Amino acid sequence: MTLRIGIDIGGTFTDLVAISDDGRVATHKTASTPHDYGEGIIDGIQALLSREPGPVTEVLHATTVGSNVVLEAAGARTALITTRGFRDILEIRDLRMPVLYDQRWTKPLALVERRLRLEVTEKIRPDGSVSVPLDPDSVCRAIDRLRDERVESVAICLLHSYANPSHEREVAEAVRAALPDVAVSVSSEILPEIKEYPRTSTTVINAYVQPVIRAYITALDARLRALGIDAPLQLMQSNGGLASATFAAAAPAHIIESGPAAGVVGGAALARRLNEAGIITFDMGGTTAKAGLVEHGEVIRTEAIEVGGGVMAGSRLLVGAGYMLKLPAIDLAEVGAGGGSICRLDEGGAPKVGPKSAGADPGPVCYGRGGVSPTITDCNLVLGYLDPGGLVGGTLKLDRDAAASAIARDLAGPLGCSVEQAAFGMLRLASATMMRAIRAVSVERGRDPRKFALLAFGGNGPLFAAGIALELGIERVIVPPLPGVFSAFGLLVADTEHHATQSLRVRLDAADPARIGSVLASLRQAGVERLTFDGFAPGRQSFRRAAQARYLGQSSEIEVPLPDGDVTPSMIAALFGEQHERTYGFRAPPEEPVELIGLSSMARGLPERPRLPERIPPLAADVPSMRRAWFPEDGWFETPVVDRVGLGAAFRHGPFIIQEYDATCLVPRGARARVDNFGNIVMTLGAASQRSG
């Protein structure tokens with residue numbers, strides 16, 4: 001019996017899931033080890049294999065190491081080589097600001113200090129022709145400066161290199177020959193696209209994190225070998241596809257936001273199995289809550305994200321607080337509301353939740369590890385929603401009295417209310433914050449959330465799902481098997497993917513169809529070569545392609561999926577009009593010119609057999625039959641408690657609590673829940689609950 005292991009590092013817990021070749025599933029949660037994330041991973045694998053021994057054939061990993069490097073300003077000493085006159089593009093940015101009226105706001109410091117932004121004499125025109133030849137002496141002077149400054153990594157980004165990369169390649173060859181120990185990131189290899197700031201910023205981020213990520217991957221791979229695990233290590237990309245450790249080490253910009261992606265990928269696989277036309281994924285962990293969208297079994301991606309700007313508010317307009325990373329990524333909205341989010345009163349006495357979190361150390365007050373500020377987990381505990389006997393199957397004991405004392409001291413006392421009212425109010429406030437994320441990926445993307453099911457997971461997602469769904473008018477909530485480790489499970493159902501783009505700026509009414517076809521063919525061939533290198537035969541390769549387009553005069557473009565077969569400019573224009581109307585609610589008249597900005601391709605490696613098991617049997621848990629819980633309409637109420645096995649296939653009316661090893665689900669009054677054939681908890685609320693009654 002062989003095993004495939006998925007590993008997801010969160011702010012509080014590191015989650016591991018193993019699936020055997022006969023479909024059996026084993027899970028383990030362990031506290032994250034921020035001082036050395038690899039330590040928690042190895043401890044977790046050893047614990048998992050002690051219960052489920054067997055040879056390991058795959059190790060799949062989602063990590064936040066890359067984003068943490070940027071957030072903590074802990075990257076390599078990095079330099080930028082650019083065209084003379086363009087050294088300040090990292091400062092000028094794109095003039096976007098996340099706040100409009102706060103005069104105290106300042107943009108983040110550039111990842112490369114100005115003295116290390118070096119200029120070379122050269123210039124390429126937008127059509128790829130050479131305006132100013134590359135001056136070798138300026139390149140030599142730049143290399144001498146790199147040597148004198150003991151630079152560890154260098155980003156090379158020259159003007160219009162997406163149209164002609166010859167100058168960038170010459171500079172890169174010279175740097176590598178002179179400084180073989182310095183990491184080199186080249187924009188025409190990382191992002192061969194138009195727009196100087198996004199291309200420069202993306203290349204700089206890649207250079208900034210590359211030595212750290214490469215060291216992390218190398219060390220983790222060595223630790224796995226020391227355990228006797230020779231399976232290839234693969235990492236989740238921000239776009240939701242898996243990549244080899246070799247690719248991730250060479251192009252770490254692609255894995256910057258790998259952590260949040262895995263849960264949405266698992267949601268997409270589950271949606272395909274259940275024939276769900278649309279689901280909103282809701283992942284609430286210990287530090288943040290994240291929402292994503294899945295339509296017709298496919299995740300929704302965005303062309304660019306920001307890194308290092310703090311928690312994402314979810315609005316496309318609120319950008320500029322971080323560093324632009326223009327690479328395909330799953331379209332997520334994130335807010336600072338998790339189980340460890342600190343509940344407090346601000347200077348004016350108004351209640352606030354997050355974004356500051358107690359994290360894994362010291363954690364919530366109830367953990368008994370030195371935490372003093374009440375958190376969302378403390379509020380859930382004092383209201384009876386969580387088992388005082390402990391989390392993670394009872395291995396993490398909880399101190400209810402300590403949590404109640406902290407809430408009374410910091411919240412209930414100053415507010416002049418009971419501990420129960422203060423705790424429930426904080427949960428309502430957290431729910432309102434999390435609804436912002438759900439609206440951001442639905443309403444702000446032109447989708448009506450009432451037409452979707454809510455897929456809730458993470459250690460805290462199932463606790464809040466029903467209340468949030470009721471507020472948003474969502475009638476069905478699905479809680480998948482293994483909800484507390486579902487992101488790690490998502491890794492095990494993900495596919496290997498490679499994304500490639502190429503700028504091609506032209507008005508579609510004047511575009512050459514042959515040129516469009518040639519670019520699409522070259523992108524496909526690049527995908528074929530990468531998948532073949534990864535070991536996928538031609539019969540196990542699939543491709544999807546898209547165009548990036550906008551109305552002439554617009555400053556931003558949208559992605560337009562393209563069908564197989566021949567593609568004409570008029571077809572792209574028509575498809576763009578449909579996508580624009582779906583996203584923004586309107587389309588311009590047919591005579592309005594449409595501008596093509598670029599083309600992209602996604603190459604996907606198909607597994608030899610389905611990665612998603614036919615069914616995940618519910619796991620039994622040792623739970624009490626009743627627990628006193630507080631509800632606003634009932635006060636304290638003796639509430640039934642069941643595990644997933646005890647819930648069964650027949651609908652059961654709320655209120656009751658479903659308690660599992662890795663998560664707890666709250667079913668309120670007026671809702672009904674049951675377990676479906678796959679092993680999901682399916683909850684119906686409001687009108688749907690009445691109809692099913």
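These numbers were taken from a predicted model, which means no experiment stands behind them. We use all heavy atoms of the structure for the numbers below, so side chains are in, but hydrogens, waters and symmetry mates are not.
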Take atom CG in Asp622; do more than 12 heavy atoms of anything else shown fall under 6.0 Å from it? no
Taking the side chain as every heavy atom from C-beta outward, state whether Ser341 and Lys356 have any atom pair closer than 4.5 Å. no
So CG of Asn460 and CG of Leu666: to nearest 0.5 Å the spacing works out to 12.0 Å
Could you check if a side-chain atom of Lys397 sits within less than 4.5 angstrom of a side-chain atom of Tyr367, using non-hydrogen atoms only? no
Please tell me whether Thr288 and Lys290 have a donor and an acceptor in their side chains that are separated by less than 3.5 angstrom. yes
At what distance, to the nearest 0.5 angstrom, does CD of Glu306 lie from NZ of Lys326? 13.5 Å
Closest non-hydrogen atom pair, Trp636 against Leu383: CZ3-O, 3.9 Å
I want to check something: taking the side chain as every heavy atom from C-beta on, are Asn680 and Val479 in contact at a cut-off of under 4.5 Å? no
Distance (rounded to the nearest 0.5 Å) between Cys665 SG and Phe656 CZ: 7.5 Å
As a quick check of understanding, evaluate side chain to side chain contact (heavy atoms under 4.5 Å, CB included) for Thr664 and Asp387, giving each step before the final call. CA-CA 9 Å; Thr664 299; Asp387 187 354; over 6 Å; no
If we ignore hydrogens and angles and just use 3.5 Å, is the side chain of Thr281 paired with the main-chain N or O of Leu455 as donor and acceptor? no
Ignoring hydrogens and angles, tell me if any N or O in the side chain of Ser201 forms a donor-acceptor pair with the backbone of Pro198 under 3.5 Å. no
Taking the side chain as every heavy atom from C-beta outward, state whether Ile255 and Ile213 have any atom pair closer than 4.5 Å. yes
Let me confirm one number: the CD1-CD1 distance from Ile280 to Ile478, rounded to the nearest 0.5 Å. 11.5 Å
Between Thr78 (side chain) and Ala76 (backbone), is there a donor-acceptor pair under 3.5 Å? yes
Which pair of non-hydrogen atoms, one from His61 and one from Ile7, has the smallest distance, and what is that distance? ND1-O, 3.3 Å
Okay, side chain of Arg344, backbone of Gly354: is any donor-acceptor separation there less than 3.5 Å? yes
Side chain proximity check, Asp8 to Val485, heavy atoms < 4.5 angstrom: no
Full working for side chain to side chain contact (heavy atoms under 4.5 Å, CB included) between Arg445 and Asp331: CA-CA 10 Å; Arg445 272 61 167 175; Asp331 193 4; 2.8 Å; yes
When you compare the side chain of Thr27 with that of Asp15, does any pair of heavy atoms fall below 4.5 Å? no
State whether Asp378 and Arg400 are salt-bridged, where the test is any N-O pair (Lys NZ or Arg NE/NH1/NH2 against Asp/Glu carboxylate O) under 4.0 Å. no
CG (Leu345) and NZ (Lys352) are apart, to the nearest 0.5 Å, by 10.5 Å
Run the side chain to side chain contact (heavy atoms under 4.5 Å, CB included) check on Phe457 and Leu482 step by step: do they pass? CA-CA 8 Å; Phe457 53 92; Leu482 320 173; over 6 Å; no
Validate the cation-pi geometry between Arg476 and Phe452: distance from NZ or CZ to the six-membered ring centre under 6.0 Å, angle to the ring axis within 45°. no
Is it the case that the side chain of Ser418 and the backbone of Gln421 share a donor-acceptor pair, with hydrogens and angles ignored and the cut-off at 3.5 Å? yes
Please test Asn239 against Leu327 for side chain to side chain contact (heavy atoms under 4.5 Å, CB included), starting from the C-alpha separation and ending with a verdict. CA-CA 8 Å; Asn239 57 44; Leu327 291 172; over 6 Å; no
Side chains of Tyr661 and Asp643: do they bring a donor and an acceptor to under 3.5 Å? no
Ignoring hydrogens and angles, tell me if any N or O in the side chain of Ser258 forms a donor-acceptor pair with the backbone of Thr63 under 3.5 Å. yes
Shortest non-hydrogen contact from Val212 to Gly75? CG2-CA, 4.3 Å
Name the one of Arg436, Arg428, Arg450 that satisfies salt bridge (charged side-chain N to carboxylate O under 4.0 Å, His left out) with Glu471? Arg428
Partner of Thr375 under side-chain contact (heavy atoms from CB on, under 4.5 Å), picked from Cys343, Pro364, Ser357, is Pro364
Compare every heavy atom of Ser431 with every heavy atom of Phe464, then report the nearest pair and how far apart it is. CD2-OG, 3.3 Å
His28 (side chain) donor-acceptor with Leu48 (main chain) under 3.5 angstrom: no
Any donor-acceptor N or O pair under 3.5 Å, side chains Arg627, Gln659: yes
May I ask you to test the Thr639-Phe631 pair for a side-chain heavy-atom distance under 4.5 Å? yes
Indicate, with yes or no, if the rings of Phe637 and Trp630 have centres closer together than 6.0 Å. no
Would you name the heavy atoms of Leu427 and Cys379 that are closest together and state the gap between them? CD2-CB, 3.8 Å
Going by atom types alone, do Asn380 and Thr377 pair a side-chain donor with an acceptor below 3.5 Å? no
If we only count heavy atoms from C-beta on, is the Val353 to Met426 side-chain gap below 4.5 Å? yes
Set of side chain to side chain contact (heavy atoms under 4.5 Å, CB included) partners for Ala494, sequence neighbours left out: Met236, Leu242, Val265
Work out which heavy atom in Leu647 is nearest to a heavy atom in Ala673; give both atom names and the distance. CD1-O, 3.6 Å
About how many Å separate CG of Leu293 and CD1 of Ile438, when rounded to the nearest 0.5 Å? 11.0 Å
